[in-house]
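Comments concern the structure below.
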Amino acid sequence: MSGESGEEADVAEAQDARGGSDDALYVLTAALLTPAQFPSVLGDDYPEACAALGLEPYAEGHGLVLGQDGQGARWTVVTEDVSLVACAIAAWDCGMEYDLSPDERTIAAVLPGWPLALAVAAPGVPAPHDPEPDPELDGGLAPLSPPDTSRWGPAQRRLGADEIALQWANWRARVDADVTFVEPGENPDSRVRRVLEEARGYVHSPPPPGRIRSAFATEEARTLRADGPGWSLVARTDDIAFVLLDDEPGEVLPVGRGSELPGLLKALDELAVRPDAVA
């Protein structure tokens, strides 16, 4: 399982955030980095995703703007104007143009490189490449680069969970309707049992923000996402769940409803961070 990170967008120009020069940053895409919505390829939770970029996990979150300068160099602009980035992403998703130009006063950091894999590039400038280190501009930071997803591991596992959440109907159709959750005492799958026990532990000891996320599915149900050390869980609160594991490359384990799963999903959903709760 694999996939590109980030939302593709029409190329727009924004004022160069790296010191207010006349150069332009050609915006290719943007992403939210908040407790409720963040590129899960970067980490199991919001603080871990922030740490991957060297950012503080502020409750208000960050907006990430990825683009190229006039020489083609990759840059990631971090803005405090989360709402602006959210509006841009929503407009692009609807096929509308949106000039994403963060106000210089809202820019928290300008980082060399891209933390996500992009398949697009700005026209009329050199091919994407990392900028030369400049201690005055970036403190000599090594350029950001996307996590390695060429081999199965945490990043690929989380991308797999993303795919299931986005293509729920297709994945659900692969599972026989009579799949049931294995009751305790009936030799349950130890791999699944471990994940469910760790997820249940979140109810008693809440994990870091973003470790459990809830998104709209239908009027009656939510899509639930939970991650932990070496595992990801994707579920619908009115249906079954799927488990992915670091030590089971490419395998997706379905978990039927039974008597335990509904209560667990309900409890996790009550703890989850929701996008509509973010200002």
Side-chain angles (χ1 to χ4, degrees), residues 2-33 38-43 49-55 62-82 84-151 153 155-156 158-159 162:
S2 63
E4 294 290 332
S5 298
E7 301 291 336
E8 293 188 8
D10 293 335
V11 175
E13 288 191 11
Q15 181 180 0
D16 186 359
R18 296 172 293 115
S21 72
D22 292 332
D23 291 339
L25 179 73
Y26 297 89
V27 178
L28 298 177
T29 192
L32 293 176
L33 183 61
F38 58 88
S40 59
V41 69
L42 298 178
C50 287
L53 277 65
L55 301 174
H62 311 274
L64 305 179
V65 181
L66 281 63
Q68 293 174 262
D69 64 19
Q71 288 72 49
R74 306 180 183 97
W75 292 96
T76 297
V77 176
V78 182
T79 175
E80 298 172 351
D81 196 343
V82 176
L84 176 68
V85 174
C87 288
I89 293 173
W92 295 337
D93 284 346
C94 294
M96 301 168 59
E97 293 185 3
Y98 195 99
D99 182 11
L100 178 53
S101 301
D103 188 297
E104 188 173 343
R105 293 170 297 180
T106 72
I107 294 174
V110 179
L111 307 173
W114 294 337
L116 306 175
L118 299 185
V120 293
V125 301
H129 62 274
D130 289 334
E132 292 294 327
D134 188 333
E136 292 186 4
L137 288 178
D138 53 38
L141 294 174
L144 299 173
S145 60
D148 180 13
T149 58
S150 62
R151 294 179 295 178
Q156 187 66 282
R158 291 189 291 264
L159 285 178
D162 287 346

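This is a predicted model, so every value here is computed, not measured.
For the pair T76/V65, no side-chain contact is recorded, criterion being any heavy-atom separation below 4.5 Å from C-beta on. Looking at T149 and Q156, their side chains come closer than 4.5 Å, going by heavy atoms from C-beta outward. With contacts defined as side-chain heavy-atom distances shorter than 4.5 Å, the pair P146/L118 does not qualify. Here the side chains of L84 and L100 are in contact, with some heavy-atom distance below 4.5 Å. You'll find the side chain of L33 reaches within 4.5 Å of the side chain of C50, heavy atoms only. Under the 4.5 Å side-chain criterion, counting only non-hydrogen atoms from C-beta, L53 is in contact with L64.
Although no hydrogens or angles enter the test, the distance criterion places no donor-acceptor pair under 3.5 Å between the side chain of T106 and the main chain of E80. Looking at W114, its side chain does come within 3.5 Å of a backbone N or O of G67 through a donor-acceptor pair. The backbone N or O of P126 lies less than 3.5 Å from a partner atom in the side chain of Q68, making a donor-acceptor pair.
Remark: L32 CG to I89 CD1 distance equals 4.0 Å, nearest 0.5 Å. Note: R158 CZ to L42 CG = 7.5 Å, rounded to the nearest 0.5 Å.
The minimum heavy-atom distance between A155 and P147, with the atom names listed, is CB-CB, 3.9 Å. Shown here for S40 and D162, the closest heavy-atom pair between the two residues is OG-OD2, 2.6 Å.
At a cut-off of 3.5 Å, with distance as the only test, no side-chain donor of D81 or T79 sits close to an acceptor on the other residue.
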